[in-house]
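The structure presented is a predicted model; accordingly, all values stated were derived computationally and were not measured.
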Amino acid sequence: MNRRSLIKTGLTVATATTVPPLAWSARPGRIREHTFIAQPTRLQLLGSDYPYTDVWAFNNLLPGPVLRATQGDTVRVKFRNRLAQPSTIHWHGIRLPNALDGVPGITQAAVKPGEEFLYEFAMPDAGTYWYHPHVSTYEQVGRGLYGTIIVDEKVPPDVDQDVTWVISDVKLTREAAIAPGFQSLHDAAHAGRLGNIVLVNGQRSPADLDVRAGQRIRIRILNAASARIFRLKFHGPQPLVVAFDGHPCPPFPLTESILFSPGNRLDLILDCTGSPNASFEVEDEFFPAMRNKIARIQYSSRSAQALRAPFKGLLPNQLYEPVLAGAESVKMVIEGGALSNKATREHIWLVNGKGNDHGSHMDSHGAAPKPLYVFEKGCTVRCLIDNKTAWFHPMHFHGVVLRERLPNGQWGPFKDSTLVWPFKTQEIAFVAESPGDWMIHCHVSEHHHAGLMATFRVADICKTPAATQPSA
Ligand code: C2O
Ligand code: CU
Ligand code: CU
């Protein structure tokens with residue numbers, strides 16, 4: 001048992017701040033209560049000159065209401081399902097007890113139409129997270145059920161504006177209706193369902209951001225698309241990347257473009273060093289011949305305000321640091337998809353040689369599936385993901401925060417998913433921190449529900465030395 005791996009990070013930075021740690025713990029977290037109702041509604045996604053679109057949304061909003069709290073607060077969300085099909089809410093990236101993770105058939109029974117479920121959990125980490133159903137995500141997220149979670153730092157950084165861009169896409173017909181044909185065999189075996197309209201905050205992109213020269217802007221970006229990977233490029237002044245998937249990283253300037261997969265979040269600090277009246281675009285250049293404009297940053301005519309001192313970074317979250325000595329090593333081999341002779345109609349994707357039933361819109365068949373791995377609580381896991389397919393897979397791990405092995409051999413910042421390139425391998429490391437069965441899946445929803453998923457069990461036992469055990 002690697003008790004040593006339970007050493008927490010962040011202490012050195014925490015003591016370097018001017019805020020005494022005692023003042024933090026002296027303030028008890030508040031309880032914040034919300035009701036989230038998933039239901040069909042009609043919205044004008046293309047603007048006031050265009051027809052309404054029938055969507056599914058939380059509280060008639062797309063994206064859904066922002067769940068905002070301060071680090072250490074507890075949220076109590078009453079979820080009411082007014083869809084014609086079962087649903088749940090998953091709190092993507094929030095470290096919470098397994099029973100509240102929102103995975104049907106594994107952590108809870110799906111919430112039937114007309115029924116309710118109460119989610120109550122604390123917010124241990126500051127940062128940008130999100131929520132979405134975990135039933136038929138290709139359709140429930142694809143029709144509009146998603147929203148942002150913002151957990152404010154106890155001492156937030158000093159900025160002039162704190163803006164969020166929820167980027168997504170939607171496939172609309174000429175009448176602005178959502179195109180039918182979710183989870184087609186073609187989409188499931190290729191790159192997923194790509195929309196024909198890019199949305200930012202539920203409106204056709206680009207978003208407009210009005211700034212004054214000299215301002216400091218915090219920009220939180222979430223990719224809520226069911227399948228689309230973006231490659232974001234900031235023209236003009238370069239922002240600093242300050243957090244991945246909610247968790248602070250050492251700041252670095254975004255000089256090139258950055259890949260941004262479904263489920264990912266990025267926190268940026270942009271110092272507006274352009275001149276009054278300037279304007280700059282943020283583009284998606286994943287398909288260089290078909291660029292999407294994501295945002296337009298428009299400077300007002302007002303004279304520049306004084307710039308702040310260079311941004312030093314956010315305080316890190318208190319996460320479990322992987323301890324590589326004595327870590328447990330496992331492998332995950334991904335096969336299948338179009339262009340593969342392993343794929344069949346029944347098993348489009350295979351994980352370690354086995355397929356799931358892609359006919360299921362759920363994550364299991366009532367009874368929890370046999371976990372792919374069993375780890376002892378507290379142990380460090382090294383996982384080598386071997387993508388033997390022609391497709392990108394943003395692999396998301398519930399219940400842990402992982403680090404990626406970078407090409408230079410170093411370990412990268414904390415994240416909750418890793419993008420594995422076609423025919424490439426990617427090693428990750430994480431601490432199995434909380435007991436229960438947790439999902440691993442590709443966040444291209446059509447891949448996930450066509451079988452690119454598994455679970456791992458964190459066993460609440462403490463015995464010597466760690467070895468992968470067959471499931472009980
Ligand atoms: Cu955002 Cu299991 O996913
Ligand atoms: Cu998740
Ligand atoms: Cu995938």
Any Lys/Arg nitrogen of Arg95 or Glu433 sitting under 4.0 Å from an Asp/Glu carboxylate oxygen of the other? yes
Intermediate values then yes/no, side-chain hydrogen bond (donor to acceptor under 3.5 Å, both in side chains), Thr389 and Glu335: CA-CA 5 Å; Thr389 79; Glu335 293 168 296; over 6 Å; no
Checking the side chain of Trp165 only, and the main-chain atoms of Ala295 only, is there a donor and an acceptor separated by less than 3.5 Å? no
Check: Arg265/Thr128 side-chain N/O donor and acceptor closer than 3.5 Å: no
Is the Trp349 to His393 ring centre distance short of 6.0 Å? yes
Worked check of side-chain hydrogen bond (donor to acceptor under 3.5 Å, both in side chains) between Gln140 and Ser87: CA-CA 8 Å; Gln140 294 194 6; Ser87 190; 2.7 Å; yes
Determine whether Arg220 and Val163 make a side-chain contact, defined as any pair of heavy atoms from C-beta on separated by less than 4.5 Å. no
Could you tell me whether the side chain of Asn264 reaches within less than 4.5 Å of the side chain of Ser417, counting heavy atoms only? yes
Between the side chain of Asn223 and the main-chain N/O of Ser261, is any donor-acceptor distance below 3.5 Å? yes
Is any side-chain N of the basic residue among Arg382 and Glu328 closer than 4.0 Å to the acidic one's carboxylate O? no
Between the side chain of Ser136 and the main-chain N/O of Tyr138, is any donor-acceptor distance below 3.5 Å? no
Side chains of Ile385 and Thr425 in contact at under 4.5 Å (non-hydrogen atoms): no
Checking Asn81 side chain against Gln85 main chain: does a donor-acceptor pair fall under 3.5 Å? yes
Are Phe121 and Tyr119 an aromatic pair, judged by ring center distance below 6.0 Å? no
Check Ala454 against Leu372 and note the closest heavy-atom contact, atom names and distance. CB-CD2, 3.7 Å
Is Arg193 positioned over the aromatic face of Phe182, cation under 6.0 angstrom from the ring centre and no more than 45 degrees off axis? yes
Scanning both residues in full, the closest heavy-atom pair of Leu222 with Gly263 reads CD1-O, 4.4 Å
For the pair Thr380 (side chain) and Pro322 (backbone), establish whether a donor and an acceptor sit closer than 3.5 Å, ignoring hydrogens and angles. no
Aromatic contact between Tyr129 and Trp91, with the criterion being ring centroids under 6.0 Å apart: yes or no? no
Indicate yes or no for a side-chain donor-acceptor contact from Asn59 to the backbone of Leu61 under 3.5 Å, with no hydrogens or angles considered. no
If we check side chain to side chain contact (heavy atoms under 4.5 Å, CB included) with Met395, which of these qualifies: Ile428, Ile440, Asn387? Ile440
Using a strict cut-off of less than 4.0 Å between a Lys/Arg side-chain nitrogen and an Asp/Glu carboxylate oxygen, indicate whether Glu33 and Lys78 qualify as a salt bridge. no
Between Trp391 and His447, ring centroids under 6.0 Å: no
Please find the pair of heavy atoms, one from Val351 and one from Gly451, that lie closest to each other, and give the distance. CG2-O, 4.1 Å
Tyr131 ring center within less than 6.0 Å of Phe58 ring center: yes
For this output row, return yes or no: ring centroids of Phe430 and Tyr320 closer than 6.0 angstrom. no
Any chance you could lay out the salt bridge (charged side-chain N to carboxylate O under 4.0 Å, His left out) test for Arg218 and Glu153, step after step, and finish with the verdict? CA-CA 13 Å; Arg218 179 176 189 163; Glu153 298 80 10; 3.1 Å; yes
Are side-chain heavy atoms of Asp54 and Ile178 found at a separation under 4.5 Å? no
Does the cation-pi check pass for Arg143 over Trp56, that is, NZ or CZ under 6.0 Å from the six-membered ring centre and within 45° of its axis? yes
Verify, without hydrogens or angle tests, whether Asn352 (side chain) and Val333 (backbone) share a donor-acceptor contact under 3.5 angstrom. yes
Determine whether the aromatic ring centres of residues His441 and His398 are separated by less than 6.0 angstrom. yes
Stepwise, does the salt bridge (charged side-chain N to carboxylate O under 4.0 Å, His left out) test hold for Arg231 with Asp284? CA-CA 5 Å; Arg231 187 187 265 283; Asp284 158 42; over 6 Å; no
Gly102 backbone acceptor or donor facing Thr88 side chain under 3.5 Å: yes
Measure the acute angle between the ring planes of His190 and His186, then classify it against the limits of 30° and 60° as parallel, tilted or perpendicular. parallel
Taking the side chain as every heavy atom from C-beta outward, state whether Ile217 and Val159 have any pair of such atoms under 4.5 Å apart. no
Within-4.5 Å side-chain heavy-atom neighbours: Asp267 and Ile219: no
Answer yes if the ring centres of His448 and His134 are under 6.0 angstrom apart, and no otherwise. yes
Contact check, side chains of Asn292 and Arg228, non-hydrogen atoms, under 4.5 Å: yes
Decide whether Asn60 and Gln39 meet the rule of one side-chain donor and one side-chain acceptor closer than 3.5 Å. yes
Taking the basic N atoms (NZ, or NE/NH1/NH2) and the acidic carboxylate oxygens, is any pair closer than 4.0 Å for Arg68 and Asp162? yes
Does any N or O in the side chain of Asp169 come within less than 3.5 Å of the main-chain N or O of Val198, such that one atom is a donor and the other an acceptor? no
Any chance the rings of Trp438 and Phe397 have centres within less than 6.0 Å? no
Would you confirm whether His396, through its side chain, and Asp416, through its main-chain N or O, come within 3.5 Å as a donor-acceptor pair? yes
Are side-chain heavy atoms of Thr74 and Met123 found at a separation under 4.5 Å? no
